[in-house]
There are 2 protein chains.
Amino acid sequence: MKKKVTLKQIARELDVSIATVSKALRNSKEISEDTRDKVKAFAKLYHYRPNNIALSLKNRKTKTIGILIPEIVHHFFSKVIQGIEEVANKKGYNVIIGLSNESFDKEVINMEMLANGSIDGFILSISKETLMQQDYHHFNETISQGMPIVMFDRIVNEIACDKVIVDDLRGSKKAVIKLIENKCKNIAIITTKDYVSVGRLRTQGYIEALNEYDIESQSDLILKVDDKLVSEDYIDVLEKEIMDLFLKNPNIDGVFAVNELYAITAMKVARKLGKQIPEELQVIGFTDGVLSRHAMPSLTTVSQHGKKIGAVAAELLIEKLESEVEDEQVKTVVIETELIERESTK
Amino acid sequence: MKKKVTLKQIARELDVSIATVSKALRNSKEISEDTRDKVKAFAKLYHYRPNNIALSLKNRKTKTIGILIPEIVHHFFSKVIQGIEEVANKKGYNVIIGLSNESFDKEVINMEMLANGSIDGFILSISKETLMQQDYHHFNETISQGMPIVMFDRIVNEIACDKVIVDDLRGSKKAVIKLIENKCKNIAIITTKDYVSVGRLRTQGYIEALNEYDIESQSDLILKVDDKLVSEDYIDVLEKEIMDLFLKNPNIDGVFAVNELYAITAMKVARKLGKQIPEELQVIGFTDGVLSRHAMPSLTTVSQHGKKIGAVAAELLIEKLESEVEDEQVKTVVIETELIERESTK
DNA sequence: ATCCTTAACGTAAACGTTTTCGTGTTAGTA
DNA sequence: TACTAACACGAAAACGTTTACGTTAAGGAT
């Protein structure tokens, strides 16, 4: 087992100084061609590669981006990571991942671990617990220490950093309008509790769409599911709540659900009740994941372009990292949603 | 914006040496209680945290694990990452991710980037292109430089490293036996080309199961899909191939598919042909993802326990990283599969 | 013969830690 | 009073780089 070779070892072997080796390898013309060739040959022979850690220490930058997300087994977040990774790699950055598991404490711990030199900047989406507790000190501290943050999807406006969001309001509005124009008369929404900003916005879009068409929104048709239900163990409870919704409002002919799982479950319940999709009931979901695409019938859905979100976030962060001037300005980029029509609507 | 505070700055402020500060913070009894308290108070006030990079350089270990996988938008791989992250974090390790995108070149580049000091060891699953080219020099070089590797799922035996695999052969055998015992007389398999080891093994399990019950395997019933089809753009081609399979063999009453997508697509095709599931056709998939759980009908499947795989891989790696003795022995841990019965079988 | 330039290399500092090995002061002992 | 031990701290090296600056020797110009 040959250990990694360092400049020092090459220097000793060739009987020159470390500086000479370093310069030779970087093609400095301070060094004679002879020596340069000799050093390079030796370096190639022994597979010399500069030690990243030493470089990081010297340059005070690590060329790595920290990603902090609530969970990874999730189509949207994986897509975002894919987007980040792609542009990060292209620009010579690595990507290091922390999972908060929707827990405030894990979010804080992870941030502290990564913030101490391991990374140059953060791309993150806030955990539900943090949103609920509304304690954002760890973000503000990190920022005030000079480490840039880019937030995506779940954001909070009070934090002064770049943000990449999807236009949740307009996205859901588009979806509901689609249902209205498809002649749905009683449109229900299956959404989450309000403290998750995206849930709140999507609900708001639903209401605005109805208002725009002079339809009165009925609270009966708004089902706010306890968000713990996204953890898929609670699927039975979710199913039951939706079943209740349908039974109490048998005239529902359109459903807008703020995520894939809710939409799919709504379809399942509808089928149990013998409702034909899309003839008797039309369904639209949010998040274009694998479920929407492969469900039967396949699900019309509002795509968030997760990969794009990740890519833009990475670009914003790297731009900030590599700009000389200290730009205190914060940007918010809105990624447009897209309604992908499939079989669950007419 | 207050920059990160270092030992040196604390030392200067308090008019002591750097060494004293360091020792005080680590509770060395070389330092008087007075000074210790003073230093600690100051450190707390200014949120001192040791710089990870400097520590890494000094200790020659980074406390980070490199994960290298073909793609991340994939239920199984996300699950594995989740498992790795959980045990890694518990033991004070971070996790850094590289994506090969199934490309040999990106795999090599990513390995080289990470191997130069950024991480202490690898957990990886080999890209398809690498498996096809059978060029494993980058793995062997990394290992010979003293950096441990743990492979999972897609492995190759020639490489001397720890491995965590699922028992693909027995898993698929179990599935096919289930179909046989459920009175299926003509069982087809939808699988991939042979160079992906897991595909080969699953096919083999299918054949062994048939043989065990004295059923002759018919090549007509073995559909080897070009694996590029897992990229979901090719879904139409996939559908067509399966349709052909069904049309040419109308007596098929059981299907075993080596992944979720194939299974779901088989169900979709069956439905188009008016075959009732599970009455006329029973289907079993491999990989317990979100599709299997939420399909209608829900899919009986062979679960690989991805999270467990990740957890075991991380444990193996960390064990090797932290053991004093240099154990050249390599282990292979087999994670048992589990047949999860749902609605697509009787 | 002296000075200057330049080519070719070495020295040392710096990044932020930890740790070994001094070293000076004080107090206790003979 | 002189010596020793304990205490409290500092100096310096080390991890692996890069780079500003210093040094040496050769050669050309005067």
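Any value given below was found using the heavy atoms of this structure, including those in side chains, with hydrogens, waters and symmetry copies removed. Lettering of chains follows the sequences in order, A, B, ..., and the numbering in each one begins at 1.
- Atom-to-atom, CG of Asp34(A) to C1' of dC9(C) comes out at 13 Å; the value is rounded to the nearest Å.
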Original post:
Going through the checks in order, is the salt bridge (charged side-chain N to carboxylate O under 4.0 Å, His left out) test met by Lys63(B) and Glu322(B)?
Top reply: CA-CA 10 Å; Lys63(B) 286 271 185 178; Glu322(B) 300 193 338; 3.6 Å; yes
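- Taking atom CG on Leu14(A) and atom C1' on dC9(C), their separation rounds to 14 Å, with Å as the unit.
- Within the nucleic acid shown, Leu7(B) comes within 4.0 Å of at least one base atom, counting heavy atoms only.
- Contact annotation for Ser32(B): backbone-only contact, meaning every heavy-atom pair under 4.0 Å involves sugar-phosphate atoms and none involves a base.
- Within 6.0 Å of atom CD in Glu158(B), more than 12 heavy atoms from other residues, nucleotides or ligands are found, so the atom counts as buried in its surroundings.
- Within a 6.0 Å sphere centred on NZ of Lys308(B), heavy atoms belonging to other residues, nucleotides or ligands number 12 at most.
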Subject >> Derivation and outcome, side chain to side chain contact (heavy atoms under 4.5 Å, CB included), residues Leu68(A) and Glu107(A) >> reply: CA-CA 8 Å; Leu68(A) 195 45; Glu107(A) 190 174 272; 4.2 Å; yes
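- Across all strands, Ser28(A) comes closer than 4.0 Å to no nucleic acid atom at all (heavy-atom distances).
- Bounding nucleotides for the chain B contact on DNA chain D, 5' to 3', at a heavy-atom distance below 4.0 Å, are dA8(D) to dG16(D).
- Residues Glu30(B) and Val21(A) both approach DNA chain C. Their nearest nucleotides, taken by heavy-atom distance, put Val21(A) toward the 5′ side.
- Within a 6.0 Å radius of CG in Asn27(B), other residues, nucleotides and ligands contribute more than 12 heavy atoms.
- Nucleotide dA8(C) holds its C1' atom 6 Å from the CD1 atom of Ile31(A), rounded to whole Å.
- Counting any heavy atom pair closer than 4.0 Å across all strands shown, Lys29(A) reaches no nucleic acid atom.
- Along DNA chain D, the nucleotide closest to Thr20(A) and the one closest to Val16(B) are compared, and the more 5′ of them pairs with Val16(B).
- Distance Gln9(B) CD to dT17(C) C1': 14 Å, rounded to the nearest Å.
- Across all their heavy atoms, Ile97(B) and Glu85(A) have their closest contact at O-OE2, 4.4 Å.
- Counting non-hydrogen atoms under 4.0 angstrom, Thr6(B) reaches the backbone sugars and phosphates but no base.
- If you check every strand for non-hydrogen atoms under 4.0 Å, Thr35(A) touches sugar and phosphate atoms only.
- Evaluation of the ring-ring contact (aromatic ring centres under 6.0 Å, His included) test over residues 104-152 of chain A, restricted to residues two or more places apart or in two chains, returns Phe104(A)-His138(A).
- If you check every strand for non-hydrogen atoms under 4.0 Å, Arg36(B) touches nothing.
- Whole-Å rounding puts the Ile53(B) CD1 to dT17(C) P distance at 12 Å.
- Going from atom NZ of Lys8(B) over to atom P of dA14(C) covers 6 Å, rounded to whole Å.
- Summarising the geometry, the separation between NZ on Lys23(A) and P on dC9(C) is reported as 10 Å, rounded to the nearest angstrom.
- Atom CD1 of Ile18(A) is separated from atom P of dA13(C) by 14 Å (rounded to the nearest Å).
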